[in-house]
Trainee: 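Could you have a look at this structure, given as structure tokens, before my questions?
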Amino acid sequence: MSEPFRKVLIANRGEIAVRVIRACREEGLTSVAVYSEADRRSPHVLHADEAIEIGPAAAAESYLDPDRLLEAAARSGAGAIHPGYGFLAESAAFARSVEQAGLVFIGPSPEAIDAMGDKTRARARMQAAGVPVVPGSEPVATAEDATAAAHEIGFPVMIKAAAGGGGKGMHRVDNAADVPSSFERASREAAGAFGDGRVYLERYLENPRHIEIQIVADAERTIHLGERECSIQRRHQKLIEEAPSPVVDPTLRSRMGEVAILAAKAVDYRGVGTVEFLVEAGEFYFLEMNTRIQVEHPVTEAITGVDLVREQLRIARGIAALDGAEAPSPRGHSIECRISAEDPTRGFLPSTGRVEGLEIPTGPGIRWDGGIRTGFEVGLHYDPLLGKLIVHAADRDRAIDRMRTALEELRIDGVETTQAYHLAVMSEPDFRASELSIRYVEEHPDLLRNPDPDLLETSFAIAVLLEAGAQRSPSVRESASPDQRARSVSAWVREGQK
Ligand code: MV4
């Protein structure tokens with residue numbers, strides 16, 4: 001059992017820092033925020049019981065600097081560090097330093113982080129534990145070995161970096177002739193990006209869904225809390241998540257859940273964690289395990305009623321997961337939209353500026369986890385996530401309608417955001433029909449041309465005039481081309497619609 005602690009340093013910023021601070025307060029724990037020069041007036045600083053400035057805006061010299069964080073912990077007398085997600089959350093070295101400083105790292109052991117960090121090691125370990133992985137090879141040393149492996153697996157194949165993650169150094173190969181060049185390129189990229197040029201091969205899955213299982217584990221029990229559907233993403237950044245997945249039935253859920261428990265047990269996992277799968281044609285394959293609280297944790301919280309950050313804090317103090325209870329049966333449907341300072345009409349280009357106005361939607365089944373307030377300066381130093389809008393309703397259709405209403409109420413003035421994109425998705429037929437895969441965003445480019453509501457009004461007015469003109473004016477009706485038709489309608493309107 002861990003040392004008890006009464007004070008927690010939150011080594012993070014933004015919405016997740018606020019989320020953790022709130023959970024600390026409810027658990028009777030004192031919270032210590034850390035902040036960079038750029039975050040002096042940020043919400044997490046205002047919410048925390050105490051706050052310590054740790055360095056300049058550049059994350060490498062503040063939120064990513066283990067020494068400054070440990071120094072702040074020592075100075076404040078914190079007995080534990082919660083890393084949130086991103087930054088140092090999945091650094092085994094940081095977790096080790098925290099423990100060596102005599103503090104509790106609120107997360108799994110450094111060994112569990114390490115075991116899941118190396119892709120090929122994790123793959124081998126999962127295979128040994130009976131967890132299905134995408135059919136594939138060990139790391140291959142030469143182009144000849146890669147070609148032999150590809151023939152054995154069958155085309156198309158994916159060449160992946162052993163040390164990789166997040167899609168870097170991944171190459172699809174469709175035929176044997178292309179294997180050597182792709183092998184060389186993938187090895188070179190892997191060496192450059194990860195300092196480890198080893199690559200391996202997998203069968204390429206054409207149209208998979210990305211579905212993940214939430215795990216909660218203490219020293220005695222490893223429990224799963226069902227799945228989240230995370231297929232709607234762009235360049236490995238998730239945009240929308242939901243729970244449950246519209247394609248997972250109770251049988252598949254319990255099969256995936258049992259396998260996720262096997263995966264967690266294989267590394268003696270403690271705390272909350274997520275096992276990611278690719279799912280295609282009713283089959284599922286282990287992808288990786290995330291050894292942290294995830295951005296999308298609220299959709300699981302909504303349908304299970306479990307407070308996952310509370311679980312993290314309590315498990316770290318040696319208290320039984322779920323207070324010793326069984327996993328609750330899920331109720332209803334939850335959707336999360338990530339609201340980021342990015343412009344979907346310009347390839348999700350990060351947008352900067354001052355938040356001039358902010359209206360947060362409220363009402364039954366609506367939750368906002370945010371890290372901004374009026375006057376907040378959105379810069380380029382950190383992740384562009386401003387907040388997450390989460391809804392919960394009795395079923396998926398009603399959750400979508402509720403999200404649409406909430407998105408219409410949300411107002412963030414001063415920066416471009418992904419809000420209108422989300423609104424467009426909520427009405428898109430394939431989304432409504434749950435026709436999803438990891439290709440959803442690229443397969444729906446029309447959603448990226450966000451129609452401005454004012455522009456929509458204008459084009460609607462033009463359509464009405466065209467229709468009326470065509471019915472009542474011979475020159476409009478007999479126009480030879482759309483251009484001429486437009487000119488004729490203008491003339492018809494100017495002349496008083498005779
Ligand atoms: C794949 C795949 C298709 N086939 N592996 C991307 C991130 C990395 N962790 C695994 N990834 C993929 N591996 C095989 N054999 C497609 C992806 C993939 C993906 C996976 C999950 C979520 C989003 C994705 C987006 C593009 C590609």
Side-chain angles (χ1 to χ4, degrees), residues 85-86 90 113 115-127 131-140 146 149-174 178-179 182-183 186 189-190 193-194 196 198-213 227-243 245 247-248 256 260 263 273-292 294-296 336 338 348 425 436-445:
Y85 53 67
E90 287 175 283
I113 300 174
M116 289 300 185
D118 180 302
K119 295 280 288 299
T120 39
R121 263 182 57 204
R123 218 180 113 85
R125 207 148 165 179
M126 290 305 117
Q127 250 175 321
V131 174
V133 298
V134 183
S137 73
E138 298 284 295
V140 286
H151 279 301
E152 205 167 300
I153 294 163
F155 290 95
V157 295
M158 189 83 121
I159 303 186
K160 291 186 172 185
K168 247 186 241 152
M170 269 183 3
H171 292 273
R172 175 192 173 139
V173 189
D174 289 299
D178 292 340
V179 171
S182 292
F183 167 78
E189 277 182 24
F194 310 110
D196 175 354
R198 290 175 308 133
V199 299
Y200 68 104
L201 284 75
E202 283 182 0
R203 200 179 86 218
Y204 181 85
L205 303 177
E206 297 278 357
N207 231 2
R209 288 182 174 240
H210 180 196
I211 299 178
E212 57 190 31
I213 300 278
E227 79 285 359
R228 294 185 285 262
E229 163 80 59
C230 304
S231 294
I232 303 195
Q233 54 84 42
R234 185 187 163 274
R235 301 204 179 156
H236 310 293
Q237 290 295 319
K238 293 163 188 162
L239 292 165
I240 300 173
E241 306 94 349
E242 49 185 311
S245 165
V247 295
V248 174
M256 291 179 74
T274 300
V275 183
E276 296 189 345
F277 297 97
L278 287 177
V279 181
E280 192 174 66
E283 296 295 322
F284 59 91
Y285 310 95
F286 172 85
L287 206 48
E288 48 196 76
M289 180 165 191
N290 300 317
T291 55
R292 58 169 192 271
Q294 287 196 274
V295 176
E296 60 270 27
E336 171 179 282
R338 298 190 185 188
F348 289 82
V425 172
L436 313 174
S437 83
I438 57 173
R439 304 199 183 292
Y440 180 88
V441 175
E442 61 186 89
E443 283 174 353
H444 295 82

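Counting starts at 1 for both ligands and their atoms, in listed order. The first residue of the sequence shown is numbered 1, and numbering continues consecutively from there.
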Trainee: Hey, are Arg292 and Glu90 close enough for a salt bridge, meaning a charged N less than 4.0 Å from a carboxylate O?
Mentor: yes

Trainee: Would you mind running through ligand 1 and noting each atom that sits below 4.0 Å from a heavy atom of Arg203?
Mentor: 4 (N), 14 (C), 15 (N)

Trainee: More than 12 heavy atoms of other residues, nucleotides or ligands under 6.0 Å from CD of Gln127: is that the case?
Mentor: yes

Trainee: Pairs of nitrogen or oxygen atoms closer than 3.5 Å, one from Pro208 and one from ligand 1: do any exist?
Mentor: no

Trainee: To check you understand the geometry: which heavy-atom pair defines the closest contact between Val173 and Phe155, and what is its length?
Mentor: O-CD2, 3.5 Å

Trainee: For Met170, state whether at least one heavy atom is located under 4.0 Å from any atom of ligand 1.
Mentor: yes

Trainee: Within ligand 1, which atoms have a heavy atom of Val134 less than 4.0 Å away?
Mentor: 15 (N)

Trainee: Which of the atoms of ligand 1 are close to His236, meaning less than 4.0 Å from one of its heavy atoms?
Mentor: 6 (C), 7 (C), 24 (C), 25 (C), 26 (C), 27 (C)

Trainee: Do any nitrogen or oxygen atoms of Gln233 lie less than 3.5 angstrom from nitrogen or oxygen atoms of ligand 1?
Mentor: no

Trainee: Quick one: does Lys160 get a heavy atom under 4.0 Å from ligand 1?
Mentor: yes

Trainee: Under a 4.0 angstrom heavy-atom cut-off, which atoms of ligand 1 come close to Glu288?
Mentor: 9 (N)

Trainee: As a quick check of understanding, evaluate side-chain hydrogen bond (donor to acceptor under 3.5 Å, both in side chains) for Thr274 and Glu212, giving each step before the final call.
Mentor: CA-CA 6 Å; Thr274 300; Glu212 57 190 31; 4.9 Å; no

Trainee: Does Glu202 pair with Arg123 as a salt bridge, N-O distance under 4.0 Å?
Mentor: yes

Trainee: Provide the number and element of each atom of ligand 1 under 4.0 Å from a heavy atom of Ile438.
Mentor: 16 (C), 18 (C), 19 (C), 22 (C), 23 (C), 24 (C), 25 (C), 26 (C), 27 (C)

Trainee: Inspect the contact between Arg198 and Glu138 and indicate whether a charged nitrogen and a carboxylate oxygen are less than 4.0 angstrom apart.
Mentor: no

Trainee: Quick check on contacts: which atoms of ligand 1 are under 4.0 angstrom from a heavy atom of His210?
Mentor: 21 (C), 22 (C)

Trainee: Quick test of your reading of the model: are Arg125 and Asp118 salt-bridged, counting only N-O distances below 4.0 Å?
Mentor: no

Trainee: Do we see a donor-acceptor contact under 3.5 Å between the side chains of Glu227 and Ser245?
Mentor: no

Trainee: Any idea which atoms of ligand 1 are less than 4.0 Å away from a heavy-atom of Leu278?
Mentor: 1 (C), 2 (C), 5 (N), 13 (N), 20 (C), 21 (C)

